[in-house]
Amino acid sequence: MAAAKPTLTDSLSFCLAQLTAAAGEGLGGGKDTATNETPLGRALLALRTRHVKAAGGIERFRARGGLRPLLALLRRAAAAGPAPSQAGAGSAPSSVEPATSAGPAPSPGPTPSAAAASAPSPPARLRKTLDLALSILANCCTEGACRAEVRRLGGILPLVTILQCVKTDSIQNRTARALGNLAMEPESCGDIHSAGAVPLLVESLTACQDSQCLQSVVRALRNLADSPQHRLALAQQGAVRPLAELLAAAPDPALTLALVRALLELSRGCSRACAEQLSLGGGLGPLVSLASHPKKAVREAAILILANLCAQGLVRPALGNAGGVEVLLGELRRRRGPNGAGPASQQPLVRAVCLLCREAINRARLRDAGGLELLMGLLRDPRASAWHPRVVAALVGFLYDTGALGRLQALGLVPLLAGQLCGDAGDEEEEGREAASWDFPEERTPERAEAGSFRSLRSWLISEGYAAGPGDISPDWSPERCPPPPPPPEPAEPTSPTLGPTSLRTPRTLRTPGRSPAATSEEPWGREGPALLLLSRFSQAPDPSGALVTGSALCGLLAYVTGSPGPPSPRALRILARLTCNPACLEAFVRSYGAALLRAWLVLGVAPDDWPTLRARPARRQHRELGEMLLQNLTVQAESPFGVGALTHLLLSGSPEDRVACALTLPFICRKPSLWRRLLLDQGGLRLLLSALTRPAPHPLFLFFAADSLSCLQGLVSPTAIPALLSPVPLDLDSPSPCLYEPLLGPAPILAPDLHFLLDSGLRLPARRAASATASPFFRALLAGSFAEAQMDLVPLRGLSPSAARPILHHLHGCRGCGAALGPIPPPGQPLLGSEAEEALEAAGRFLLPGLEEELEEAVSRIHLGPHGGPESVGEVFRLGRPRLVAHCARWTLGPGQCPRKRALALVGLVEAAGEEAGPLTEALLAVVMGVEMGGKGSSVDC
């Protein structure tokens, strides 16, 4: 097959020359059109079909300077466009378009071809030239360099002029396509808006019947919505309603996709005008239907448009009526499923669902569609922590929906709210005024002229102090609604960051701009405001104990009250007061160790995070006063007839855990001696508590609570007694008594020894037989009896180290308090088990030296339980198993004035040291609590 002969139009230079010549001569020049039309038409056709579409053709066309003559040609065409306006309606400006315009008629209009045949149209040569030139320009504007050059050459205004003058569908189509491509550049987009193209494009939506043309116009409007300012301008110029009306007319699939994409772009940051037009255009129902479209792009765009519309309160009720609530919930549920998308794609849907909770009608639909479970799932999801404040604020809408509140409580909302009080989530994102609930729409009443009598009345009200200024009085004023004159100003309060004792109970009145303090009393509404409001609503139930009097809920409230950087919200304080004053909550406070937690956290300043590792927290007097007030409320409930019966039932008939919790709590909330004596002493509550110390702890702070409870009970039993921490056995370490054994020591002793004791190490210790025999029955039988040692001058002592033997020798020779007993005692922090101190104590018992035993035990107590000893030493001392040392440990632990944390740490050490043998520890603690001095072995206290 022979190759086609080359033609002149195959040359880009020839085409550009023809284009330049036509631009210079003009379409309406004096030359013969028959001569000029054919070369120009062939050149434009070749440029569009071959040169521009070739690889790199657009760049070559631009580089060869083709855009300048092309735009010049379009300018001349735009100037020539109005000339045939009297003969062809399609080229008339939109503002003065005659009745014969090729637009939609009231009755079914003719097809575009019929309309073109029946109505005048631009000359065929002009229409063909414009079609080809606009097509070339639109193709060139697909590349950024060409778009920038077209804008530089001023090519936007000719396009707008053509759009206004030439109403032929094909030319409107190509002009809108070129403008849409140019609008991809932000600078060009602004110039198109400034040139007035938006009203012309909107007019084309209603006048055009061709689907391809409508798609180009819709795309141009979508590209023009590139910024919030431009989207607002488009909505204000009426671009949204025609799009919605077209969507409601069920167009073909391609146009449907173009429409939803344009509406999605226009609805970003949805303005009031956009929402109103979309609703008036009947677009809500079609959008809900398109949410189930088989094509993914259409379906997702429709869903996101519905989500964007939720930002406007005026359209949310209608959106719910159209079925939008179920659509958005279903899509959010799908995206949160195992095969769903990531958190970023869920964000607009979460926002939309939360905004739907602002109207009662949508809340009912959301509740029936399973929205509460979905919102609770969001609150439980740590990956959705950024949305938690928004979700909690949305749940405030269900504040007076009893059924919804019951469902939320059953789903575990209260612990999640308590965790929100001191969480790290950010503040709720602020919404505009248009997002407010449409249950209470704004009333916009026209201003009325003020009568002269009203002006006189207003002047009198201002002069008498009933109004601060003219703006405070409206023409609807009446004396019945007039607030009293404002009180005299109070002295300024100090701006200290800490709370005063009264600020915890009396909320401050915050002045709202434009309102009088007498007219409203508002509380601080911070990040925690929605959660506190919901918790307050739950606390107003007849029996809120199941939800609020739990460990997690109380910890959240107390953490907020004590950890708030500024003054805590008075609502949190009222919640705590309301719970402690409710008799139905008494048993829950006992079972959950709530009373002990209030005392530990508020009164003693020890939070769960502070145990056992101490954290530095500022001690605040107002927290202690709050804790004492709450405990006093519980005391009132406990000492009432109902409380006495409830506590007695718990202690005698409750589960083992409840009985222990009741015994532990009673010293905190019972002040009547008849009550706590009967329950704790007569009915065995105290022994029950002591026996539970060595069992698995039912609460993380159980041993801390138990140590504090035993200390409080000791104060109730002996309110004036101050038992000494140590036994009154004198042992003055600073001024020891004279040593009676020292004269026997040294190379030249003052008193000559008549006896030596031989240790296992080979060391010989001098002694006097008579003094040693009279000091102990053991040594009397050994040295003065019928044993062989009575005749020996070197008596062996087996199983003794030198350090353990020296206190024995000193004691045998009459030394009391000379300091020898301190020799085998290790310093604090070193173990006592296996030490020379234990060996000396064992030898003193073996040699029947009770005085020495007591002296050694006193030395151990002085060193390990004295000022330099700590709670970790208490367990070490207890492990020696000596009854007197056990009593010393118990007195040290429960002694008055002891730090609560050290007391609890000491009790932990005692429990660990006691192990399964809890009897000695129980008896020692019981004796200290009852104020009974422990005797020797086998001593016990009846309780």
If we ignore hydrogens and angles and just use 3.5 Å, is the side chain of [X] paired with the main-chain N or O of [Y] as donor and acceptor?
{"X": "Arg903", "Y": "Thr893", "result": "yes"}
{"X": "Glu857", "Y": "Arg882", "result": "no"}
{"X": "Thr922", "Y": "Ser691", "result": "no"}
{"X": "Arg671", "Y": "Pro667", "result": "yes"}
{"X": "Thr580", "Y": "Ala577", "result": "yes"}
{"X": "Ser772", "Y": "Arg769", "result": "no"}
{"X": "Gln683", "Y": "Leu651", "result": "no"}
{"X": "Ser709", "Y": "Leu664", "result": "yes"}

May I ask you to check whether [X] and [Y] show a side-chain donor-acceptor distance below 3.5 Å?
{"X": "Arg816", "Y": "His811", "value": "yes"}
{"X": "Asp708", "Y": "Ser711", "value": "no"}
{"X": "Glu839", "Y": "Ser801", "value": "yes"}

- Query: Checking side chain to side chain contact (heavy atoms under 4.5 Å, CB included) against Glu836, which of Pro802, Ser803, Pro807 comes through?
  - Reply: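 Output: one option passes, namely Ser803.
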
- Query: In terms of heavy-atom contacts, does CD of Glu742 have more than 12 from other residues, nucleotides or ligands at under 6.0 Å?
  - Reply: no

- Message: Could you check whether Glu855 pairs with Arg862 (Lys NZ or Arg NE/NH1/NH2 to Asp/Glu carboxylate O, under 4.0 Å)?
- Response: no

- Message: Under a 4.0 Å threshold between the charged nitrogen and the carboxylate oxygen, would Glu853 count as salt-bridged to Arg884?
- Response: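 Salt bridge flag = no for Glu853 with Arg884.
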
- Taking the six-membered ring for Trp, are Phe702 and Tyr593 parallel (under 30°), tilted (30 to 60°) or perpendicular (over 60°)?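 The arrangement is perpendicular - the two ring planes meet at more than 60°.
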
- Task: Tell me, please, which residues at least two apart from Phe787 pass ring pair (Phe, Tyr, Trp, His ring centres under 6.0 Å).
- Result: none

- Query: So, do Ser861 and His864 sit near enough that their side-chain heavy atoms are less than 4.5 Å apart?
  - Reply: no

- Side-chain heavy-atom pair His813, Arg768 within 4.5 angstrom cut-off: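 Sidechains of Arg768 and His813: in contact.
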
